[in-house]
J.: 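Here you go, one structure.
All values below were derived from every heavy atom in this structure, side-chain atoms included, with hydrogens, water molecules and symmetry-related copies excluded. Letters A, B, ... are given to chains in the order of the sequence lines, protein chains preceding strands, and every chain is numbered from 1.
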There are 2 protein chains.
Amino acid sequence: MGEAKDPIPSPTDAELAILRVLWRRGPSTVREVHEALSTRRPTGYTTALKLMQIMAEKGLVLRDEARRTHVYHPRISAEAVERGLVRDLLDRVFDGAADRLVLRALGAGRVTRDEAAKIRALLDEIEGGDAS
Amino acid sequence: MGEAKDPIPSPTDAELAILRVLWRRGPSTVREVHEALSTRRPTGYTTALKLMQIMAEKGLVLRDEARRTHVYHPRISAEAVERGLVRDLLDRVFDGAADRLVLRALGAGRVTRDEAAKIRALLDEIEGGDAS
DNA sequence: TCTTTTTTACGAAAGGCTTCGTAGATTTCT
DNA sequence: AGAAATCTACGAAGCCTTTCGTAAAAAAGA
């Protein structure tokens, strides 16, 4: 029997911030991530380092140790993480009712005409392919 | 100058669960809340009590001490809390782009024809009233 | 009355997240 | 070579959240 690889956990807040940098920049060093984060919120270098080490343990990132300065790669897609977080919120506060979440989302960030059009198109797509 | 009353903080997970009971049942005692929660997840009575005491301190609920058995009232609306949580998620993971959140929401919980219709109506409403 | 139950108050432990300081190794610069 | 900078590893503190145990007061029941 192979070892049971547990599912990758959802990132914490700080971890998510780091993943976002990796998704945007691509594989990066601790220094690069730290600098990207520091522009928004000053923080210690070793803080980023420690977090990224933890993330490697958790399987959120992959660490390339070929050179002395390690390079970190995201190991889960933005889409997967977004899906997980949205499902969480959906379950925790909206009883899984997607339309109630959408209602609030449309209320919270004001929606441009463009965005509305995109959403309509998406609805068409869903209903078109759905036989229920 | 009046004392500066700080804004009510967003509820934690356990606090949210309690608020949801209060929203559904209306003003309730610790016992009632505890029983409502215990059906889903067994937990100690004093756990609910402690949480509700903390929530009263934070201003999330109001405590009526007229009788020995205190009665707790929600002090923020479901709508306000939902708005806050959605905005959080929006900022933290979607750069404030509501349509990206909606996209994921529509993907996460599968959407019924009914829900789709509601969302369309909502979009109509927004675009109708919006002069941008 | 005396016992049992209900209720509040309080303290504190356990776990998770974030942050940082320090140490040691390696590389780079002068 | 010697000094300075860079990098990883590690431990631990501080904070927050959740959970529960214990104690004391009040009410209800026998």
J.: Taking only the side-chain nitrogens and oxygens of B:Thr47, find out if one of them lies under 4.0 Å from OP1 or OP2 of D:dC20.
T.: yes
J.: Output the single nucleotide from D:dA9, C:dC20, D:dT18 whose closest atom is nearest the side chain of A:His70.
T.: D:dA9
J.: At under 4.0 Å, does any side-chain N or O of A:Gln53 touch on OP1 or OP2 of D:dA9?
T.: yes
J.: Just the rounded figure in Å: distance from P of D:dT8 to CZ of A:Arg67.
T.: 13 Å
J.: Check A:Asp114 with A:Lys118, please: is the shortest side-chain N to carboxylate O separation under 4.0 Å?
T.: no
J.: As a test of reading the structure: which of D:dA9, C:dC17, C:dT8 is closest to the side chain of B:Thr69, going by heavy atoms?
T.: C:dT8
J.: Is there a chain of hydrophobic side chains (I, L, V, M, F, W, Y, each step under 4.5 Å between heavy atoms) that links B:Trp23 to B:Leu37?
T.: yes
J.: Would one find a side-chain N or O of A:Arg63 under 4.0 angstrom from OP1 or OP2 of D:dA9?
T.: yes
J.: Could you check whether atom CZ of B:Arg120 has more than 12 heavy atoms from other residues, nucleotides or ligands sitting under 6.0 Å from it?
T.: yes
J.: Roughly, in whole Å, what's the span from CG in A:Leu51 to P in D:dT8?
T.: 14 Å
J.: Rounded to whole Å, please give me the gap between OH in B:Tyr45 and P in C:dT7.
T.: 5 Å
J.: Specify the separation, in whole Å, of atom NZ of B:Lys50 and atom P of C:dA13.
T.: 13 Å
J.: Return whichever of A:Arg68 or A:Arg41 has its heavy-atom-nearest nucleotide of DNA chain C closer to the 5' end.
T.: A:Arg41
J.: Transitively linked via ILVMFWY side-chain contacts under 4.5 Å: B:Ile8 with B:Tyr72?
T.: yes
J.: Report whether A:Leu16 and A:Val21 are members of the same hydrophobic cluster (ILVMFWY, side-chain heavy atoms less than 4.5 Å apart, transitive linking).
T.: yes
J.: Using whole Å, report how far CD of A:Glu57 lies from P of D:dG11.
T.: 12 Å
J.: What residues in residues 8-39 of chain B put a non-hydrogen atom under 4.0 Å from any atom of DNA chain C?
T.: B:Val30, B:Arg31
J.: Between P on D:dT18 and CE on B:Met52, what's the gap in Å once rounded to a whole number?
T.: 14 Å
J.: In this structure, are over 12 heavy atoms from other groups packed under 6.0 Å from A:Arg63 atom CZ?
T.: yes
J.: Taking A:Leu49 as the starting point, is it possible to reach A:Val71 by hopping between hydrophobic residues whose side chains are less than 4.5 Å apart?
T.: no
J.: Rounding to a whole Å, what distance do you find between A:Leu60:CG and C:dC17:C1'?
T.: 14 Å
J.: Given D:dA9, D:dC20, D:dT17, which nucleotide is nearest the side-chain atoms of B:Lys58?
T.: D:dT17
J.: Using atom CG of A:Asp64 as one end and atom P of D:dC7 as the other, report the distance to the nearest whole Å.
T.: 15 Å
